[in-house]
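Below is one structure, written out as structure tokens, with a few remarks after it.
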Protein chains: 2
Amino acid sequence: MFSAFLDILSDLSPLSDKSRNALLKHLSSKRIPKDSFILKHGEVCKHIYFIHKGFARTFYYKNGKEITEWFADEKGFSFSITSYFQEQPSKLVIECLEDSEVIYLPKKEMYELSYNHIDIAQLIIKMFSYSLMISQERMDSIQFETAKQRYDKLLKNQPEILQKVPLQYIASYLGITSETLSRIRN
Amino acid sequence: MFSAFLDILSDLSPLSDKSRNALLKHLSSKRIPKDSFILKHGEVCKHIYFIHKGFARTFYYKNGKEITEWFADEKGFSFSITSYFQEQPSKLVIECLEDSEVIYLPKKEMYELSYNHIDIAQLIIKMFSYSLMISQERMDSIQFETAKQRYDKLLKNQPEILQKVPLQYIASYLGITSETLSRIRN
DNA sequence: CAATTCAATTGATAATTGTCAAAAAATTAT
DNA sequence: ATAATTTTTTGACAATTATCAATTGAATTG
């Protein structure tokens with residue numbers, strides 16, 4: 001299981017056996033039942049969380065309403081960017097929407113390893129580059145596409161999500177209300 | 001001049017003299033006159049550009065209109081995220097709004113150095129982490145704040161920019177039309 | 001399986017922002 | 001300084017989306 005996970009990381013940026021073994025020592029995993037949390041509100045996000053099995057969503061509260069920020073499917077990942085980098089209590093909550101198996105990649109240990117495993121440093125660079133591109137694309141999408149365009153894009157690129165998730169989660173993920181989403185869908 | 005620049009980088013993540021000297025060999029700088037481009041449309045973004053002196057804005061075309069994505073003041077930086085990482089022609093244009101002095105930090109050489117200078121790898125990690133946080137914050141801002149809130153925030157945090165830049169640039173940066181900005185300002 | 005709770009839809013209305021056109025103000029060039 | 005150009009403002013109107021309330025539908029639970 002960790003080995004499959006290390007394969008995924010190696011796909012991003014190749015890892016030597018030495019680095020794989022070094023990382024392996026610091027990986028842990030946890031079964032998280034449906035409706036329980038990977039990261040709770042107010043906790044500091046000290047890991048990047050990989051969904052080995054199951055499904056998670058990341059959200060926060062805005063005027064008492066839950067705003068979904070991210071869905072992580074199998075082989076997907078999630079972390080609270082601000083909490084992770086600034087080591088502050090997280091406003092984001094990461095919740096499992098199905099019984100899940102989550103792999104914890106700890107920040108502290110990963111950073112420590114990056115000082116004497118150059119391929120781990122490269123992996124980190126790749127992970128953050130990748131996140132940065134995604135973040136940028138989402139920003140453009142929110143700023144310049146209409147609600148309908150964003151919905152159609154989601155429908156095209158991640159139709160599985162629409163099967164699994166209440167529409168209200170989709171709505172806030174797209175930056176609109178449930179009512180508007182309902183109307184878009186006709 | 002490069003030394004002042006290396007100091008700025010060192011502030012982000014400390015650099016040994018060895019690494020400073022290694023980087024120094026690959027730095028270049030260029031005077032860019034007002035209204036000329038640091039990065040042209042269609043060019044691949046092969047550097048991160050630091051404004052040593054002057055002022056630049058990054059924008060792209062959307063339905064024939066210029067949409068400002070970023071302002072870089074003195075000690076600020078800019079690059080086209082998508083073009084830089086995917087090595088594709090840039091949709092973004094980086095333009096100097098004043099006579100400027102720009103320092104070019106080349107991707108290829110920086111990445112090469114990162115393989116045997118661990119502190120340079122750490123610097124890259126810091127730069128991208130920082131960019132990721134900024135990107136995230138802007139996304140939240142665009143998604144959840146009204147145009148007025150975004151304007152007031154800009155007014156508070158970067159009042160200099162309002163002095164220097166035509167309001168239409170500000171408007172597109174805030175994700176609104178000039179007319180709306182004009183009304184917000186009363 | 002009926003009752004309760006939660007989710008999705010629909011309708012009416014309001015708020016925000018965009019679009020287009022024109023006028024006023026500011027900037028730049030001759 | 002005056003003309004030409006560009007930028008900003010203003011007005012009228014349209015489009016998009018939000019809000020609130022009510023209803024329908026679905027799913028969970030006792």
Side-chain angles (χ1 to χ4, degrees), chain A residues 33-36 55 57 59-69 71 93 95-99 138-155 159-186, chain B residues 33-36 55 57 59-69 71 93 95-99 138-155 159-186:
Chain A
K34 184 176 155 135
D35 297 330
S36 313
F55 190 53
R57 77 163 175 141
F59 69 92
Y60 60 101
Y61 289 97
K62 175 86 185 178
N63 303 330
K65 283 178 199 153
E66 297 182 355
I67 307 293
T68 297
E69 176 142 321
F71 294 110
V93 178
E95 176 194 35
C96 288
L97 300 181
E98 301 173 358
D99 290 345
R138 267 204 85 195
M139 197 174 74
D140 289 348
S141 168
I142 285 172
Q143 187 160 18
F144 299 113
E145 292 170 10
T146 62
K148 173 139 185 49
Q149 287 172 317
R150 274 175 276 149
Y151 175 72
D152 288 342
K153 192 192 247 178
L154 184 69
L155 199 63
E160 337 77 65
I161 290 183
L162 283 159
Q163 307 302 322
K164 297 194 194 188
V165 161
L167 287 173
Q168 48 182 338
Y169 295 176
I170 304 282
S172 70
Y173 178 68
L174 296 173
I176 56 180
T177 60
S178 323
E179 291 94 331
T180 299
L181 178 57
S182 177
R183 284 171 183 126
I184 284 171
R185 288 159 55 91
N186 291 0
Chain B
K34 183 175 156 134
D35 297 331
S36 314
F55 191 52
R57 76 163 176 142
F59 69 92
Y60 61 101
Y61 289 96
K62 176 85 185 177
N63 304 328
K65 283 176 198 153
E66 297 181 354
I67 308 292
T68 298
E69 175 142 322
F71 293 110
V93 178
E95 176 194 35
C96 287
L97 300 182
E98 300 173 357
D99 291 346
R138 267 205 85 195
M139 197 174 76
D140 290 348
S141 167
I142 285 172
Q143 187 161 17
F144 299 114
E145 291 170 11
T146 63
K148 173 140 185 48
Q149 287 172 316
R150 274 175 276 147
Y151 175 73
D152 288 342
K153 194 193 248 178
L154 183 69
L155 198 64
E160 338 77 64
I161 290 183
L162 284 157
Q163 306 303 320
K164 296 195 196 189
V165 162
L167 288 172
Q168 48 183 334
Y169 296 176
I170 304 283
S172 70
Y173 179 67
L174 296 173
I176 55 180
T177 60
S178 322
E179 292 94 331
T180 299
L181 178 58
S182 176
R183 286 174 180 124
I184 283 171
R185 287 160 55 89
N186 291 1

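Chain identifiers are assigned alphabetically (A, B, ...) following the order of the sequence lines, protein sequences preceding nucleic acid strands; residue numbering begins at 1 within each chain.
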With 3.5 Å as the limit, what N/O pairs link the protein to nucleotides 20-29 of chain D?
{"from": "D:dC20", "atom 1": "N4", "to": "A:Glu179", "atom 2": "OE2", "distance (Å)": "3.1"}

- Query: Over how many whole Å does the gap from B:Ile142 atom CD1 to C:dT17 atom C1' extend?
  - Reply: 15 Å
- Contact check, side chains of B:Ile176 and B:Tyr151, non-hydrogen atoms, under 4.5 Å: no
- Item | Beyond-backbone contact of B:Tyr60 with A:Asp140, side-chain heavy atoms, under 4.5 angstrom | yes
- Is B:Ser172 reaching over with its side chain to a backbone N or O of B:Thr68, donor-acceptor style, under 3.5 angstrom? yes
- To the nearest 0.5 Å, tell me how far A:Tyr61 OH sits from A:Glu66 CD. 4.0 Å
- Please confirm whether the backbone N or O of B:Lys34 pairs with a side-chain atom of B:Asp99, one donor and one acceptor, at under 3.5 Å? yes
- Minimum heavy-atom distance between B:Glu145 and B:Gln149, given as atom pair plus value: CA-OE1, 3.2 Å
- Could you check B:Tyr169 against A:Thr180 and say which one's nearest nucleotide on DNA chain D is further toward the 5' end? B:Tyr169
- Message: Tell me the interatomic distance from A:Lys62, atom NZ, to D:dT19, atom P, rounded to whole angstroms.
- Response: 12 Å
- Main-chain N/O of B:Glu160 paired with B:Gln163 side-chain donor or acceptor, under 3.5 Å: no
- Is the NZ or CZ atom of B:Arg150 positioned over B:Tyr173's six-membered ring, under 6.0 angstrom from the centre and within 45° of the axis? no
- Note on the structure: Between CD1 of B:Ile170 and C1' of D:dT8 the distance, given in whole Å, is 13 Å
- May I ask you to evaluate whether B:Thr177 reaches the phosphate of C:dG18, defined as a side-chain N or O under 4.0 Å from OP1 or OP2? yes
- Note on the structure: Taken to the nearest whole Å, CD1/A:Ile176 to P/D:dT17 is 8 Å
- Note on the structure: Separation of D:dT9 atom C1' from B:Arg185 atom CZ, nearest Å, is 10 Å
- Here the residues of residues 145-153 of chain A within 4.0 Å heavy-atom distance, strictly under, of DNA chain C are none
- Whole angstrom value for the distance that separates C1' of D:dA18 from CD of A:Gln168: 16 Å
- Query: Can you check the B:Leu181 CG to D:dT7 P distance for me, whole Å?
  - Reply: 14 Å
- Message: With a 4.5 Å cut-off on side-chain heavy atoms, are A:Phe55 and A:Val165 touching?
- Response: yes
- Query: What integer distance in Å separates A:Leu97:CG from C:dA7:P?
  - Reply: 12 Å
